[in-house]
Amino acid sequence: MHARHLLLAGTVALMPHTAAADWQIDRAHTQIVFTVDHLGFSDVTAFFRTLDGEVTFDPEDVEATEVTLVIDAASIDSLWEARDEHIRGADFLDVANHPEITFVSTGIELTGDDTAVVRGDLTIRDATHPVVFDAVLRNIGPNPFRPDQQIAGFTLSGAVDRTEWGIDFGAPVIGAVMPVTVNVELVRND
């Protein structure tokens with residue numbers, strides 16, 4: 001199987017920390033970003049500052065890939081503290097009662113040389129629903145500044161309808177369907 005396929009399937013899906021000993025997340029170059037339509041006048045962009053997780057895979061059995069991601073819900077940052085406090089409250093994430101958001105993969109399907117579909121269960125506020133992300137391998141190769149170090153970079157994209165998780169404050173004038181982009185960069189440990 002093509003090496004790019006193996007890396008794509010094994011590491012593409014939302015991973016701030018890998019369980020496999022040979023790759024590690026580069027936290028300085030990994031982000032989960034989403035946007036919310038505000039009253040039809042603008043989009044508000046937000047991200048999570050704290051996340052952790054693991055990915056396990058067998059290069060001989062790509063379909064056995066497993067991904068787990070845990071996000072600290074209180075680490076939400078929309079670049080406006082008053083709004084962040086509201087998002088942390090009961091109208092949205094209710095972090096006092098639901099401190100974590102989790103994603104657990106249920107399958108990864110290669111769709112091309114550099115693309116895949118990542119399916120999984122997303123849990124927010126103790127409700128779990130399936131989600132799907134499209135993944136693209138952006139690049140894999142030596143670090144231009146440290147040629148002995150291998151790097152892999154991926155972008156995942158999808159959308160989450162927050163009302164499915166019971167977060168319906170202000171919907172639909174405050175957007176319910178939120179586009180999500182995940183950029184992840186991994187460094188090979190040799």
Side-chain angles (χ1 to χ4, degrees), residues 9 11-18 25 27-55 65-109 111 115-136 138 154-185:
T11 58
V12 72
L14 303 174
M15 57 192 151
H17 170 281
T18 62
I25 191 71
R27 291 181 188 275
H29 299 103
T30 298
Q31 307 88 30
I32 298 175
V33 180
F34 63 93
T35 57
V36 178
D37 180 290
H38 183 252
L39 311 177
F41 294 103
S42 66
D43 287 331
V44 172
T45 300
F47 57 95
F48 293 96
R49 290 190 170 273
T50 306
L51 38 102
D52 199 4
E54 60 185 46
V55 174
T65 299
E66 295 178 5
V67 178
T68 301
L69 176 69
V70 179
I71 301 167
D72 176 1
S75 73
I76 187 76
D77 191 336
S78 69
L79 305 174
W80 192 265
E81 186 57 33
R83 177 175 45 231
D84 295 343
E85 286 302 316
H86 187 201
I87 294 169
R88 291 179 189 114
D91 287 337
F92 291 97
L93 296 178
D94 192 14
V95 301
N97 295 305
H98 310 284
E100 295 179 340
I101 298 169
T102 62
F103 172 85
V104 178
S105 66
T106 57
I108 295 176
E109 175 188 348
T111 57
T115 59
V117 172
V118 179
R119 290 179 172 76
D121 291 328
L122 182 63
T123 302
I124 305 172
R125 293 173 47 142
D126 291 336
T128 302
H129 297 285
V131 293
V132 178
F133 292 95
D134 293 316
V136 176
R138 294 188 51 172
F154 306 91
T155 298
L156 292 87
S157 58
V160 173
D161 182 344
R162 64 185 173 92
T163 62
E164 291 181 20
W165 286 267
I167 305 171
D168 55 5
F169 179 87
V173 294
I174 297 174
V177 177
M178 303 178 304
V180 177
T181 301
V182 180
N183 287 297
V184 61
E185 193 169 300

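Reckoned from all heavy atoms, side chains included, excluding hydrogens, waters and symmetry mates.
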Atom [atom1] of [X] and atom [atom2] of [Y]: how far apart are they, to the nearest 0.5 Å?
X    : Y    : atom1 : atom2 : answer
F103 : L51  : CZ    : CG    : 13.5 Å
T115 : D134 : OG1   : CG    : 8.5 Å
I167 : M178 : CD1   : CE    : 7.0 Å
I76  : L93  : CD1   : CG    : 6.0 Å
I101 : L69  : CD1   : CG    : 9.5 Å
D94  : I124 : CG    : CD1   : 12.5 Å

With distance as the sole test, does [X] use its side chain to make a donor-acceptor pair with the main-chain N or O of [Y] at under 3.5 Å?
X    : Y    : value
R88  : A96  : no
R162 : G175 : yes
W165 : V160 : no
R83  : S78  : yes
R125 : A90  : yes

Minimum heavy-atom distance between [X] and [Y], given as atom pair plus value:
X    : Y    : value
V95  : A74  : CG1-N, 3.7 Å
P130 : D121 : CA-OD1, 3.8 Å
Q31  : H29  : NE2-C, 3.5 Å
V177 : A159 : CG1-CB, 3.9 Å
S75  : D72  : OG-O, 2.6 Å

Practice task
Anything under 30° is parallel, anything over 60° is perpendicular, the rest tilted; go ahead and classify F48 against F34.
Solution key: tilted

Practice task
State whether E185 and R138 are salt-bridged, where the test is any N-O pair (Lys NZ or Arg NE/NH1/NH2 against Asp/Glu carboxylate O) under 4.0 Å.
Solution key: no

Problem - Ion pair R49/D77, N-O distance below 4.0 Å - result: yes

Problem - L79 and T45, any side-chain heavy atoms less than 4.5 Å apart - result: no

Handout entry: Heavy-atom neighbours of H129 NE2 exceed 12 at 6.0 Å
Key = yes

